[in-house]
Amino acid sequence: MQFLMKYYNIDHVSAERATCGQAIIPIYKFLSGQIKVSHDEQLFDQVKVFQGTTNSDTQLQINNQIVSKGLKKECKLCEKTLEFFVELYGQAAGNVCLMYLPSGGLYLLGGLSVALQDLVIKSDIWKKAFTDKGRLSDVLKNTPVILIKVHDLGMRGSTEYCRRLIEQASK
């Protein structure tokens, strides 16, 4: 978290910021200074010079490379980045579940959740991080986790909300 605070030049890092797509590059940078594993030199150089902290085409392109190379096991640093990210994501998701106790289950959505579905839904990394909550672990072990694969769900919801507002205004 200290690395992310310095990277973003902020005093607080939320769980949301640490577990969103924008966190992939800083996690990669952090791990590159912490562990010595094989990596893709060209990608490593791209990440090293990347200074963006907002969504951009360059950021998206680099994120996609890290995800792709990590999932295909073409770059050990990319693999470790994804594992680290998935662990943070699992921890955060477990905390949210304990706060809200969703009786119908936890619904995950978003492009990164879908792209990393094998690591998120099927891997021991995510499951362990999600359920490792001491005496409350059993609550989470019995919570269904459902992955929503609709990529434009947020847009659909926004559109429906606007439609309802217009409908109400026209009455």
Side-chain angles (χ1 to χ4, degrees), residues 1 4 7-8 12-28 30-31 43 47 52-75 77-134 136-168:
M1 291 303 169
L4 289 175
Y7 181 85
Y8 290 117
H12 170 77
V13 176
S14 65
E16 292 81 11
R17 183 167 278 196
T19 58
C20 72
Q22 288 183 359
I24 296 292
I25 292 173
I27 290 171
Y28 179 99
F30 169 74
L31 289 177
L43 177 58
V47 171
T53 57
T54 59
N55 282 331
S56 69
D57 290 340
T58 303
Q59 181 181 33
L60 187 58
Q61 184 255 343
I62 293 171
N63 277 358
N64 288 343
Q65 284 187 66
I66 293 170
V67 170
S68 176
K69 289 179 183 295
L71 290 174
K72 293 177 184 174
K73 301 188 181 303
E74 295 174 352
C75 169
L77 184 54
C78 293
E79 284 181 64
K80 294 294 183 186
T81 298
L82 297 183
E83 290 170 4
F84 191 92
F85 174 84
V86 165
E87 184 175 2
L88 287 176
Y89 188 22
Q91 289 171 356
N95 290 340
V96 167
C97 275
L98 288 178
M99 283 192 301
Y100 296 106
L101 297 173
S103 58
L106 174 68
Y107 289 78
L108 303 176
L109 61 135
L112 204 47
S113 293
V114 173
L116 299 176
Q117 64 183 307
D118 285 344
L119 286 173
V120 171
I121 298 299
K122 299 174 185 172
S123 80
D124 289 338
I125 298 166
W126 195 88
K127 286 177 186 174
K128 182 178 182 329
F130 178 73
T131 59
D132 191 13
K133 303 297 180 196
L136 297 175
S137 292
D138 286 341
V139 172
L140 298 176
K141 287 177 184 170
N142 296 316
T143 301
V145 178
I146 300 98
L147 178 65
I148 304 297
K149 295 181 182 181
V150 177
H151 292 285
D152 65 342
L153 192 60
M155 186 60 75
R156 289 182 190 192
S158 298
T159 301
E160 178 61 19
Y161 180 73
C162 289
R163 186 195 64 74
R164 290 179 186 183
L165 286 176
I166 292 168
E167 187 178 281
Q168 283 179 345

Heavy-atom check, side chain of Tyr28 versus side chain of Leu77, under 4.5 Å: yes
Looking at every heavy atom in both Gly105 and Ile146, which two are closest together, and how far apart are they? CA-CD1, 4.3 Å
Measure the spacing between NZ of Lys80 and CG of Leu82 and express it to the nearest 0.5 Å. 11.5 Å
How close do Cys97 and Pro102 get, counting heavy atoms only, and between which atoms? O-CD, 3.5 Å
Among Val114, Ile121, Leu116, which residue satisfies the side chain to side chain contact (heavy atoms under 4.5 Å, CB included) criterion with Leu108? Ile121
Rounding to 0.5 Å, atoms SG (Cys75) and CG (Leu43) come to a distance of 6.0 Å
Any salt bridge linking Arg164 with Glu160? Criterion: basic side-chain nitrogen under 4.0 Å from a carboxylate oxygen. yes
side-chain contact (heavy atoms from CB on, under 4.5 Å) partners of Phe84, counting only residues at least two apart: Ile27, Phe30, Leu31, Leu88
Measure the spacing between CD of Gln117 and OG of Ser123 and express it to the nearest 0.5 Å. 12.0 Å
Quick one: does Ser137's side chain have a donor or acceptor within less than 3.5 Å of a partner on Thr131's backbone? yes
pair Leu112-Ile24: side-chain heavy atoms closer than 4.5 Å: yes
In this structure, OG1 of Thr81 is separated from CG of Asn63 (nearest 0.5 Å) by 10.5 Å
To the nearest 0.5 Å, what is the distance between CE (Met99) and CG (Leu101)? 10.0 Å
Closest contact, heavy atoms only, Gly104 versus Pro144: O-CG, 4.4 Å
Taking the side chain as C-beta and beyond, is there a heavy-atom pair between Leu106 and Phe130 under 4.5 Å? yes
Between Lys128 and Asp124, does any side-chain N to carboxylate O distance fall below 4.0 Å? no
State, with a plain yes or no, whether a side-chain heavy atom of Phe85 is found less than 4.5 Å away from one of Leu119. no
Any side-chain hydrogen bond (donor to acceptor under 3.5 Å, both in side chains) involving residues 94-114? Give me the pairs, sequence neighbours left out, ordered by first then second residue. Tyr89-Ser113, Asn95-Lys133
Ile66 CD1 to Ile62 CD1 distance, which is reported to the nearest 0.5 Å: 7.0 Å
Glu167 vs Arg163, test: salt bridge (Lys or Arg N to Asp or Glu O under 4.0 Å). Steps then yes/no. CA-CA 6 Å; Glu167 187 178 281; Arg163 186 195 64 74; 2.9 Å; yes
Atom of Ser56, atom of Gln59 and distance for their closest heavy-atom approach: OG-N, 3.0 Å
Testing the basics here: between Leu71 and Ala115, what is the closest heavy-atom pair and its distance to 0.1 Å? CD1-O, 3.4 Å
Closest contact, heavy atoms only, Leu4 versus Pro26: CD2-CB, 3.5 Å
